[in-house]
S.K.: 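Next up is a structure, given as structure tokens.
Whatever order the structure lists them in is the order used to number ligands and atoms, beginning at 1.
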Amino acid sequence: MAKMLVAGNWKCNKLFNEAQLFVDALKTALQNAGDTSQKDQGCDVMIAPPSPYLAAWAQQINGAFKVGAQHCSHVEPGAHTGDFTADMLASCGVDMVILGHSERRADHAETDQHVATQLRHALDAGLRPILCCGESLECRESGAHHDWVQGQITAATADLSAADMSRVDIAYEPIWAIGTGVTASTMQAQEMHAFIRSIIGELHGDELASATRILYGGSCKPSNAAELFACPDVDGGLIGGAALDPVSFAAIVVAAQSTACPT
Ligand code: 13P
């Protein structure tokens, strides 16, 4: 079983001083929620704040959690105003990067090709990417969701070696569940996660597929995290709204830890 990961994606939220205050608030909330030690209980924790905070945030966190970025550009260093590369993130102490989020695909016209290039750059920079995939409601209702997700994963990972792929996490984030309060049912999540694992198996072999971490994202919160994480192919969560509140996020982390190490 892959080590669980609970990753917070803050998106475009919080000012810098709020981000700084969050660190101690989360540590306290984790203790209050029953966290004994994330290292002992086999659960990774990552938070991705807005990019301008990353260097200072990485120093402040000092290894207590993984530091994530929400994006890296597909361009090479040079004349690209406003862009930043995976190497630049790594030089700021970033550990992980979220790639291919549906909001980036929608707001910035990022294509599967862009995502494949970003993934290559992230791996080359030594970052651990979380590759997002997921269908719209229209796509699911038309019955094309499996083909859609398969296309996204294949386009981004088909050219990766097994060694590269062993450093990639996947996040299944159905667009209809993001920020809507409507969560995928455990049956929907498990079914799609098992399908994603089978795609990885076809592309990269069964051993790698069973070791790949597949996160669920989309209105995951303290009230539904434990049942989602109990699904055999759900290896953690990519959390949006609930990651903005230290108490809610801590409860989700503890739910993952309990799943990883039932007592
Ligand atoms: P919510 O948890 O707010 O639905 O967001 C999920 C998400 O998009 C995480 O990347």
Side-chain angles (χ1 to χ4, degrees), residues 4-14 18-19 22 26 29 44-51 53-54 65-72 89 94-108 110 114-115 118-119 122 127-137 139-140 145 148-149 152-153 156 168-186 188-189 192-193 196 213-229 231 234-256:
M4 301 283 277
L5 167 66
V6 176
N9 175 10
W10 280 2
K11 307 188 180 183
C12 190
N13 287 293
K14 289 194 191 290
E18 296 169 326
F22 185 93
L26 178 59
D44 285 336
V45 176
M46 179 276 256
I47 300 170
S51 303
Y53 312 159
L54 283 166
F65 319 117
K66 305 242 181 273
V67 177
Q70 300 174 20
H71 161 69
C72 73
L89 292 175
V94 170
D95 304 299
M96 303 186 70
V97 59
I98 300 167
L99 297 177
H101 194 285
S102 56
E103 288 154 13
R104 299 268 340 153
R105 294 181 195 252
D107 295 351
H108 300 277
E110 286 187 4
H114 292 136
V115 176
Q118 291 162 357
L119 196 58
L127 300 178
R128 186 172 182 101
I130 299 178
L131 169 65
C132 299
C133 60
E135 79 286 354
S136 65
L137 185 58
C139 178
R140 178 165 277 263
H145 48 298
W148 178 262
V149 167
Q152 288 183 317
I153 292 176
V168 176
D169 299 317
I170 308 279
Y172 171 57
E173 297 207 306
I175 296 169
W176 46 270
I178 295 178
T180 59
V182 179
T183 314
S185 68
T186 49
Q188 287 170 318
M192 184 56 96
H193 280 230
I196 290 169
R213 199 152 54 176
I214 307 176
L215 315 178
Y216 169 79
S219 298
C220 183
K221 45 196 176 229
S223 59
N224 59 28
E227 61 177 15
L228 284 162
F229 297 163
C231 296
V234 176
D235 305 309
L238 182 53
I239 318 297
L244 296 170
D245 172 47
V247 175
S248 297
F249 190 67
I252 296 172
V253 170
V254 169

S.K.: Please list the nearest protein heavy atom to atom 2 (O) of ligand 1 with its residue and the distance rounded to 0.1 Å.
M.R.: G240 N, 2.9 Å
S.K.: Any idea which atoms of ligand 1 are less than 4.0 Å away from a heavy-atom of G179?
M.R.: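 With G179 as reference, the close atoms of ligand 1 come out as 1 (P), 3 (O), 4 (O).
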S.K.: Looking at atom 7 (C) of ligand 1, what's its closest protein heavy atom, distance included?
M.R.: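 Ranked first by proximity to atom 7 (C) of ligand 1 is E173 OE2, 3.1 Å.
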S.K.: Between E173 and H101, does a side chain to side chain donor-acceptor pair (under 3.5 Å) hold up when you go through it step by step?
M.R.: CA-CA 8 Å; E173 297 207 306; H101 194 285; 3.0 Å; yes
S.K.: In terms of residue, atom name and distance, what is the protein heavy atom nearest to atom 3 (O) of ligand 1?
M.R.: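 Looking only at protein heavy atoms, the one closest to atom 3 (O) of ligand 1 is G241 N, 2.8 Å.
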S.K.: Decide whether an N or O pair under 3.5 Å exists between E103 and ligand 1.
M.R.: no
S.K.: Please list, in number order, the atoms of ligand 1 under 4.0 Å from a heavy atom of N9.
M.R.: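 Under 4.0 Å from N9, ligand 1 has these atoms: 9 (C), 10 (O).
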S.K.: Output yes when a side-chain donor or acceptor of N9 lies under 3.5 Å from a complementary backbone atom of G240, and no otherwise.
M.R.: no
S.K.: Under 4.0 Å from any heavy atom of A177, which atoms of ligand 1 are there?
M.R.: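 Checking each atom against A177, I get 4 (O).
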S.K.: Under a heavy-atom criterion of less than 4.0 Å, does A242 contact ligand 1?
M.R.: no
S.K.: Is there a side chain to side chain contact (heavy atoms under 4.5 Å, CB included) between R140 and Q188? Walk through the geometry before answering.
M.R.: CA-CA 11 Å; R140 178 165 277 263; Q188 287 170 318; 3.7 Å; yes
S.K.: For ligand 1, which atoms, with element, lie under 4.0 Å from some heavy atom of G218?
M.R.: 4 (O), 6 (C)
S.K.: Could you check whether the rings of Y172 and H193 sit parallel, tilted or perpendicular, using 30° and 60° as the cut-offs?
M.R.: perpendicular
S.K.: Ignoring angles and geometry beyond distance, decide whether I239 reaches within less than 3.5 Å of ligand 1 through its nitrogen or oxygen atoms.
M.R.: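 There is no such contact.
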S.K.: Check whether any side-chain heavy atom of L26 lies under 4.5 Å from a side-chain heavy atom of I47, and answer yes or no.
M.R.: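 With C-beta onward as the side chain, the pair touches.
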S.K.: Quick check: are there more than 12 heavy atoms from other residues, nucleotides or ligands sitting under 6.0 Å from CH2 of W148?
M.R.: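 Check fails, neighbour count at 12 or below.
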S.K.: For C132, is the nearest heavy atom under 4.0 Å from an atom of ligand 1?
M.R.: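 Flag not set, C132 not near ligand 1.
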S.K.: Less than 4.0 Å between a side-chain N and a carboxylate O, is that true for K66 and D95?
M.R.: no
S.K.: I need the atoms of ligand 1 closer than 4.0 Å to a non-hydrogen atom of L238, numbered in the order shown.
M.R.: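 Taking each heavy atom of L238 in turn, ligand 1 has 9 (C), 10 (O) under 4.0 Å.
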S.K.: Does a side-chain heavy-atom distance below 4.5 Å link R104 with Q118?
M.R.: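 Not in contact.
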S.K.: Work out whether the distance between some heavy atom of K11 and some atom of ligand 1 is less than 4.0 Å.
M.R.: yes
S.K.: Do the side chains of M46 and I98 get nearer than 4.5 Å, heavy atoms only?
M.R.: yes
